[in-house]
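Note sheet for the following structure.
Fair warning: this is a prediction, and the values are worked out from it, not measured in the lab.
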Amino acid sequence: MKHLKTVIGLVLTGVMLFPVYWMINVSFTPEQDMRRTNWFPVNGTLDGYRAVLDQQLPYLGVSLVVGLGTVALTLVLAAPAAYSLAKLRPRGGGALSFVLLIAQMIPGIIMAMGFYAIFLSSGVLNTVPGLIVADSTLAVPFAVLILTTFMSGIPEELLQAARTDGAGVVREFVSIVLPVSRNSLITVSLFAFLWAWSDFVFASTLDQGGDHQPITLGIYHYIGNNNQEWNAIMATAVIASVPATILLVVAQRYVAAGVTAGAVKD
């Protein structure tokens, strides 16, 4: 029975990963072989990757800036808010947590329309900072909820010892709470980066006419301009997937610890 479950698990994993394999396979397939069913790129070519590196690097750079900016803004806003809700317990904290939960249920396209009107009047439409702010609205509520859950589990004795040594609220937060919350901080940072990296709704609505556009718009424009060059299109998708894959592999153990943090109390 155990071996059967293992086999079923491997089969399901293979089915889910097959589109990824096919994407990589097509990215190496020459144009003249595209209409054939080739399970392996027998006459493999790097033409698609050369085209991508010539045309898509600016889009990748913008996505990197937007992703890192979203992570920074998310942590700056979410970490102090979570600390306040978890340890300072302000009046109305429960209602605020409920509002943050509801905020995650709002469809992205509705938020994009609201941001469009705000950004148009404030002059930040079609700019990278505007896109960072918009992407952060997806990450901040999630980050506050995750960090609040973890910080609630930090022993009061640890914080009380810091107060006894003369630490104020700010020092307690910076010197004690943030280092202890490392796993959760890495978790929310990873999710914030991935949301910003893969965002298309905000990018297409708020940065469609900008001089600096993320890779999701780069792929969209590339498909429209080169709808027959599938090896280049798939090569773009492969390259765009590399940063996210590396981050997931590197941060896997931190994410596992961060997501489950605070779920069980001693």
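- Judged by distance alone, the side chain of Lys87 and the main-chain N or O of Ile154 form a donor-acceptor pair under 3.5 Å.
- Ring geometry for Phe115 against Phe119 counts as tilted: the plane angle lies between 30° and 60°, on a 0 to 90° scale.
- Other residues, nucleotides and ligands contribute at most 12 non-hydrogen atoms within 6.0 Å of the CZ atom of Arg171.
- Between Phe202 and Ile132 the shortest side-chain heavy-atom distance does not fall below 4.5 Å.
- In terms of hydrophobic clustering, with Ile, Leu, Val, Met, Phe, Trp and Tyr side chains grouped at heavy-atom distances under 4.5 Å, Ile102 and Val99 are assigned to different clusters.
- Using a distance-only test at 3.5 Å, with no hydrogens or angles considered, a donor-acceptor pair links the side chain of Ser27 to the main chain of Ile24.
- Looking only at side-chain heavy atoms (C-beta outward), Leu64 and Ile215 stay at 4.5 Å or farther from each other.
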### Message
Quick one, Ile239 with Leu53, criterion side-chain contact (heavy atoms from CB on, under 4.5 Å). Give me CA distance, side-chain angles, the key distance, then yes/no.
### Response
CA-CA 9 Å; Ile239 292 177; Leu53 293 177; 4.2 Å; yes
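- In this structure, Leu247 and Trp197 have side chains that are not in contact, with every pair of non-hydrogen atoms separated by 4.5 Å or more.
- A 4.5 Å side-chain heavy-atom check between Leu206 and Leu125 finds at least one atom pair inside the cut-off.
- Gly218 approaches Gln56 most closely through the heavy-atom pair O-NE2, 3.4 Å.
- Counting heavy atoms from C-beta outward, Leu85 and Ser97 have side chains that approach closer than 4.5 Å.
- In terms of heavy atoms, Gly67 sits closest to Ala196 at CA-CB, 3.8 Å.
- Here the CD1 atom belonging to Ile118 is positioned 10.0 Å from the CE atom belonging to Met111, to the nearest 0.5 angstrom.
- Both Tyr116 and Ile110 are members of a single hydrophobic cluster when ILVMFWY side chains are connected at heavy-atom separations under 4.5 Å.
- Minimum heavy-atom separation, Pro179 to Ser175: CG-O, 3.3 Å.
- Ring geometry, Tyr49 versus Phe28: the interplanar angle falls from 30° to 60°, so the pair is classed tilted.
- One N or O on the side chain of Asp199 and one on the backbone of Ala203 form a donor-acceptor pair closer than 3.5 Å.
- Both Ile176 and Val170 are part of a single hydrophobic cluster, where members link through side-chain heavy atoms under 4.5 Å apart.
- Once rounded to the nearest 0.5 Å, the distance linking CZ of Phe142 with CG of Leu100 reads 12.5 Å.
- Residues Val238 and Val52 fail the side-chain proximity criterion, which asks for heavy atoms closer than 4.5 Å.
- No continuous path of hydrophobic side-chain contacts links Trp22 to Met16 [ILVMFWY only; heavy atoms under 4.5 Å].
- For the pair Ala244 and Leu194, the tightest heavy-atom approach, listed with the atom from each and the gap, is CB-CD2, 3.5 Å.
- The line from NZ of Lys5 to CD1 of Ile8 is 9.0 Å long, rounded to the nearest 0.5 Å.
- The distance from atom OG of Ser181 to atom CD1 of Ile186, rounded to the nearest 0.5 Å, is 11.0 Å.
- Between His212 and the choices Val62, Leu131, Thr127, the side-chain contact (heavy atoms from CB on, under 4.5 Å) rule is met once, by Val62.
- To the nearest 0.5 Å, the span separating CG on Leu145 from CZ on Phe150 amounts to 15.5 Å.
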### Task
Please step through side-chain contact (heavy atoms from CB on, under 4.5 Å) for the pair Leu147 and Thr187, ending with a clear verdict.
CA-CA 9 Å; Leu147 292 175; Thr187 299; over 6 Å; no
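- Here CZ of Arg163 is found 9.5 Å from CG of Leu158. Values are rounded to the nearest 0.5 Å.
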Show me, pair by pair, the donor-acceptor contacts under 3.5 angstrom made by side chains of residues 69-83, not counting sequence neighbours?
from	atom 1	to	atom 2	distance (Å)
Thr70	OG1	Val66	O	2.7
Thr74	OG1	Thr70	O	2.6
Tyr83	OH	Glu172	OE2	2.7

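- Other residues, nucleotides and ligands contribute at most 12 non-hydrogen atoms within 6.0 Å of the CG atom of Asp211.
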### Task
Starting from the C-alpha separation in whole Å, work towards a yes-or-no answer on side-chain contact (heavy atoms from CB on, under 4.5 Å) for Val188 and Val144.
CA-CA 9 Å; Val188 299; Val144 171; over 6 Å; no
